[in-house]
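Just so it is clear, the model here is predicted, and its values are computed rather than measured. Chain letters run A, B, ... following the sequence lines, proteins first, then strands; residues in each count from 1.
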There are 4 protein chains.
Amino acid sequence: MDTTDPTPPYEQIRRQIAAAIEQGAFEVGAKLPSVRQLANDLGIATGTVARAYRELEHGGLIHSRRGQGTTVLASPRPTADLLEEQTLAYIAQARALGVDDDTIVAAVARSLG
Amino acid sequence: MDTTDPTPPYEQIRRQIAAAIEQGAFEVGAKLPSVRQLANDLGIATGTVARAYRELEHGGLIHSRRGQGTTVLASPRPTADLLEEQTLAYIAQARALGVDDDTIVAAVARSLG
Amino acid sequence: MDTTDPTPPYEQIRRQIAAAIEQGAFEVGAKLPSVRQLANDLGIATGTVARAYRELEHGGLIHSRRGQGTTVLASPRPTADLLEEQTLAYIAQARALGVDDDTIVAAVARSLG
Amino acid sequence: MDTTDPTPPYEQIRRQIAAAIEQGAFEVGAKLPSVRQLANDLGIATGTVARAYRELEHGGLIHSRRGQGTTVLASPRPTADLLEEQTLAYIAQARALGVDDDTIVAAVARSLG
DNA sequence: GTGGTCTAGACCACG
DNA sequence: GTGGTCTAGACCACA
């Protein structure tokens with residue numbers, strides 16, 4: 001929770017959980033923390049967490065049942081897909097700087113060292 | 001302007017201008033479009049643009065003087081610095097996926113092709 | 001059981017049983033499934049079924065006695081009455097669309113074809 | 001607003017507005033009452049109305065813009081379509097009573113008289 | 001003025 | 001205990 005970020009809290013939570021699910025941080029069928037638990041941990045109102053969960057459910061990533069908690073529905077996306085997505089975004093950014101491809105490869109190689 | 005993004009419009013504008021300045025899209029001392037002009041171009045309220053400018057001024061990137069418009073203060077950061085920053089961020093993300101360095105280099109090379 | 005419908009489950013059950021009784025699906029004095037049985041069949045909690053039964057008893061359609069199960073009290077309403085009720089409701093809806101009577105008759109005839 | 005109905009208030013509002021739009025009670029581009037106005041008229045909290053509007057927007061029926069109010073997006077569905085939908089639902093109900101087609105036609109004709 | 005959101009506490013429905 | 005919702009009032013972002 002970054003109170004500096006103008007992004008509303010429910011959206012920050014939604015994004016973090018979505019990212020975690022897509023990266024396979026949860027097994028399919030795993031239970032997310034309860035609304036009250038997470039609200040308490042983050043020091044925010046339960047309604048805010050409930051909204052984040054609701055939107056995730058609307059997006060098909062999780063499923064909530066009264067009295068039974070909230071479970072993860074989505075299979076983690078393959079790491080290869082996530083890596084490609086990140087890589088393409090990085091390359092687009094770098095090219096926007098006017099840098100040529102060799103320079104990009106060189107920059108990656110150097111920073112990895 | 002992405003009205004789907006819950007990020008407030010003033011923040012979207014701020015980020016775009018900040019990125020443009022850092023990439024050298026403006027000379028130091030160059031004048032930004034007037035609040036009214038930009039608001040008109042984007043079809044939004046002047047207050048929204050004013051808020052973006054105010055935050056940029058607070059961050060030391062620009063300076064507004066009554067009757068004289070808004071000028072760019074910040075020197076463009078060297079492309080090499082921006083590239084390195086982006087590259088390090090990308091590598092951190094990729095490693096968070098549990099990917100080894102060779103795979104990263106391979107992904108970059110393939111996506112550049 | 002439609003978990004998409006925000007209508008609470010106990011109400012969905014209540015409506016279905018009430019409709020079945022009114023249509024004569026049960027003899028007067030017939031026994032409804034036990035709370036446990038129905039809860040098990042539907043895969044829901046016994047309390048939810050109990051709530052539906054309680055409301056039906058409150059409405060005078062059924063009667064529950066400890067140890068003896070739940071019996072149907074209401075006589076099935078004559079089919080003619082139910083049909084007339086449905087027909088009047090349908091006509092009211094259709095007229096609310098601004099449709100004249102001939103058009104209604106025509107719509108029914110066509111849809112029956 | 002029917003406080004007897006277990007359906008949550010935000011859903012009742014959503015359904016009523018959706019039905020009104022589909023029946024052409026609003027012109028495309030017409031403005032809905034403001035969140036505060038409607039909340040005040042109905043004697044409920046603004047958040048409840050806001051949620052109903054949010055879900056309608058999510059369904060593509062309306063569009064809300066901060067500072068500018070809420071406008072109707074969806075074209076009213078043709079009356080003929082709505083009539084057919086109602087008619088088919090009515091016929092299905094009637095047939096579920098074990099009534100033959102001639103009886104249905106007769107019932108409609110009699111009730112129209 | 002408009003919509004968007006948060007909070008804090010409360011009650012309901014469900015297991 | 002769990003999720004779902006409502007309220008009342010508050011602040012923010014925007015026109």
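Between the C1' atom of E/dG3 and the CD1 atom of B/Ile44 lies a distance of 16 Å, rounded to the nearest Å. F/dT2 atom C1' lies 14 Å from atom CG of A/Leu38, rounded to whole Å. Atom OH of A/Tyr53 is separated from atom P of F/dT5 by 16 Å (rounded to the nearest Å). Per the geometry, CG belonging to D/Asp5 stands 16 Å off P belonging to E/dC12, to the nearest Å. Across the protein-nucleic acid pair, D/Leu42 atom CG and F/dT5 atom P stand 18 Å apart, rounded to whole Å. The CD atom of D/Gln37 sits 7 Å away from the P atom of E/dT2 (whole-angstrom rounding). A straight line from CD of C/Glu11 to C1' of E/dC14 spans 16 Å, rounded to a whole angstrom. We find that CD of A/Gln12 is positioned 9 Å from P of E/dC6, with the value rounded to whole Å.
The shortest distance between the side-chain N/O atoms of D/Thr70 and the OP1/OP2 oxygens of E/dG3 is below 4.0 Å. Side-chain nitrogen and oxygen atoms of D/Tyr10 include none within less than 4.0 Å of the OP1 or OP2 phosphate oxygen of F/dC6. Under 4.0 angstrom from either OP1 or OP2 of E/dT2 there lies no side-chain N or O belonging to D/Arg36. When the side-chain nitrogen and oxygen atoms of D/Thr48 are compared with OP1 and OP2 of F/dT7, one or more of them lie within a distance under 4.0 Å. Taking only side-chain nitrogens and oxygens, D/Arg66 never comes nearer than 4.0 Å to OP1 or OP2 of F/dA15. Of the side-chain N and O atoms in A/Arg54, none sit less than 4.0 angstrom from OP1 or OP2 of F/dG4.
Between D/Arg54 and D/Glu57 there is no salt bridge, since none of the side-chain N atoms of the basic residue sits less than 4.0 Å from a carboxylate O of the acidic one. Taking a cutoff of 4.0 Å between a charged side-chain nitrogen and a carboxylate oxygen, A/Arg15 and B/Asp5 qualify as a salt bridge.
Both D/Val35 and A/Gly47 sit near DNA chain E, but only D/Val35 has its closest nucleotide nearer the 5' end. Mapping A/Pro33 and D/Thr46 onto DNA chain F by nearest heavy atom places A/Pro33 closer to the 5' end of the strand. Nearest-nucleotide assignment on DNA chain E puts the 5′-proximal partner with D/Leu32, out of A/Pro9 and D/Leu32. Along DNA chain F, the nucleotide nearest A/Gly67 and the nucleotide nearest D/Gly67 are compared for position; the residue whose nucleotide lies closer to the 5' end is A/Gly67.
Residues A/Val72 and A/Leu32 have side chains in contact (heavy-atom distance under 4.5 Å, counting atoms from C-beta outward). Side-chain atoms of C/Asp2 and C/Thr7, non-hydrogen and from C-beta on, never get closer than 4.5 Å to each other.
Both distances falling under 3.5 Å, in either a Watson-Crick or a G-U wobble arrangement, place E/dC14 opposite F/dG1.
Checked against E/dT5, E/dG15, F/dG4, the side chain of A/Pro8 finds its nearest nucleotide in E/dT5.
The closest donor-acceptor contact from the side chain of A/Thr48 to the backbone of A/Ile44 lies at 3.5 Å or more, if one exists at all.
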